[in-house]
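Worksheet: one structure, shown below.
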Number of protein chains: 2
Amino acid sequence: MALRHAVLAALLDGDASGYELAKRFDVSVANFWSATPQQLYRELEQLERAELIQGRVVEQERRPNKRVFSLTAAGRAELHAFTTEQTRPPAMRDDLLVKLRALDVGDREALCEAMSARLELSEAKLARYDRLHEDLLDGRSEEEYAREAESIGVYLTLMGGRAYEQANVSWARAVLRVLELRGS
Amino acid sequence: MALRHAVLAALLDGDASGYELAKRFDVSVANFWSATPQQLYRELEQLERAELIQGRVVEQERRPNKRVFSLTAAGRAELHAFTTEQTRPPAMRDDLLVKLRALDVGDREALCEAMSARLELSEAKLARYDRLHEDLLDGRSEEEYAREAESIGVYLTLMGGRAYEQANVSWARAVLRVLELRGS
DNA sequence: CTGAGGTAGTCAACTAGTTGAATAGGTGCC
DNA sequence: GGCACCTATTCAACTAGTTGACTACCTCAG
């Protein structure tokens, strides 16, 4: 039941329709969870039945109506309860790691390309996170921000995303260096 | 079909029974994939039916017999093919990130504890990876190793695991610092 | 000689996540 | 005026992953 809480947490950033949530999850501020639209719509239905969120139809001109959901008090309580529950260790599932482990029987060139693609992707994400970071700080120092800001949740997950992408970038560079050393 | 390939890749490290594989996945050299024993036994059966691996019963004294699996030529070919396939972006699913994002409605103390637990876990993993790293290098410099070593797959995934855990550690430290700044 | 814990595996039932397509109106481009 | 792409949602079918219990035999400590 973790997607459930990821959805609730995402709604802390403001009410959203399924479609909007899907984009939030996709471009996700600090890539804190991933989910397909179908999963989200299903989860939203269940959450509404459980009265942890409440939907209302918003009529729009020039585009289809949408159902916008907001957290209920029960939803907030559920989120609070979730933060006190036991945390399970994160599950790492990265195709690239598997492929690299299979390098000895694998295709070196294909792996170089895959690795470069990862590098680019992570650099792009990192750049985005860095911009968001600047926006959040808004001129203040890290410490000022940490002390003063009203809400700190987004900031801390953003730091997580940045650390993760930085790790990806330096790892990808190291791997490419090694592959070049041995290639050719 | 990614667990499938993770199992095949794990068998590159040497033949193993389901039970042994489970441990390999658990203490997994560079936490490159995670899976429960039940998943493994199921997958091994399917892989054997597909003739990508071959099992044989090894009779043991003082303990139950076991079925040890080894890669077939077809299995190696399948792994090779996998390395040329398109890589999908890694899926991040970490409860802690969700909980931190919900910090504003969550329980600050519980989160501090969860964060400390993560820090310890990551430090322990990191220490283990560092030992493995030393063992692999065996006195050689990184560059010597990268040039000379026969097999480089394990090394590269190990680097990935290390980068990931280092990111975790520095992130956890930063979060705890911030939480202390604002707490009390 | 009992019970905890390791080795080795199986079965059943469940929950979570993915894929692909269908519907239906809107905008903007060339 | 036709085609591609965006908003917004739903349905159906599938694959992957988790949980918990159960069998069986072994070793070792107290």
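Atoms considered below: every heavy atom in the structure, side chains included; atoms not considered: hydrogens, waters and symmetry mates. Keep in mind the model is a prediction, meaning the values are calculated, not measured.
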Which of these passes salt bridge (Lys or Arg N to Asp or Glu O under 4.0 Å) with E123(A): R128(A), R173(A), R118(A)?
R173(A)

Taking Watson-Crick (N1-N3 plus N6-O4 or O6-N4) and G-U wobble (N1-O2, O6-N3), each under 3.5 Å, can you produce the dot-bracket string of DNA chain D? Use [ ] for crossing pairs and | for inter-strand ones.
||||||||||||||||||||||||||||||

[atom1]/[X]: more than 12 non-hydrogen atoms of other groups inside 6.0 Å:
| X | atom1 | value |
| --- | --- | --- |
| Q54(A) | CD | no |
| E85(B) | CD | yes |
| E148(B) | CD | yes |

Over how many whole Å does the gap from [X] atom [atom1] to [N] atom [atom2] extend?
| X | N | atom1 | atom2 | answer |
| --- | --- | --- | --- | --- |
| Y41(B) | dT7(C) | OH | P | 11 Å |
| E59(A) | dG26(C) | CD | P | 14 Å |
| N65(A) | dT10(D) | CG | C1' | 15 Å |
| Y19(A) | dC6(D) | OH | P | 7 Å |
| E43(A) | dT9(D) | CD | P | 16 Å |
| E45(B) | dG9(C) | CD | P | 11 Å |
| D95(B) | dG17(D) | CG | C1' | 15 Å |
| R24(A) | dT7(D) | CZ | P | 14 Å |

Verify the contact: side-chain N or O of [X] to OP1 or OP2 of [N], cut-off strictly under 4.0 Å; return yes or no.
| X | N | answer |
| --- | --- | --- |
| S17(A) | dT7(D) | no |
| R42(A) | dT18(C) | no |
| K23(A) | dC6(D) | no |

Ignoring hydrogens and angles, state whether a donor on the side chain of S151(B) or D104(A) is under 3.5 Å from an acceptor on the partner side chain.
yes

Where the side chain of [X] is defined as all heavy atoms beyond and including C-beta, which of [options] is the nearest nucleotide?
| X | options | value |
| --- | --- | --- |
| T36(A) | dG9(C), dT19(C), dA8(D) | dT19(C) |
| R88(A) | dA8(D), dT18(D), dA8(C) | dT18(D) |
| Q39(A) | dG17(D), dG17(C), dT7(D) | dG17(C) |

With a 3.5 Å cut-off and just heavy-atom distances, do the side chain of R93(B) and the base of dT18(D) make a donor-acceptor pair?
no

Mark yes or no for a side-chain to base donor-acceptor pair under 3.5 Å between R67(A) and dT10(D), with no hydrogen or angle criteria applied.
no

Is it true that a side-chain atom of W171(A) and a backbone atom of L156(B) form a donor plus acceptor pair closer than 3.5 Å?
yes

Which part of the nucleic acid, if any, lies within reach of Q60(A) when heavy atoms closer than 4.0 Å are counted: base, sugar-phosphate only, or nothing?
sugar-phosphate

Between Q38(A) and L3(A), which is nearer to the 5' end of DNA chain C once each is assigned its nearest nucleotide?
L3(A)

Angle class for the H5(B)/F82(B) ring planes (parallel below 30°, perpendicular above 60°, tilted otherwise)?
parallel

Determine whether E20(A) and R24(A) satisfy the following criterion, salt bridge (Lys or Arg N to Asp or Glu O under 4.0 Å), listing intermediate values before the conclusion.
CA-CA 6 Å; E20(A) 286 158 352; R24(A) 231 177 251 184; 5.7 Å; no

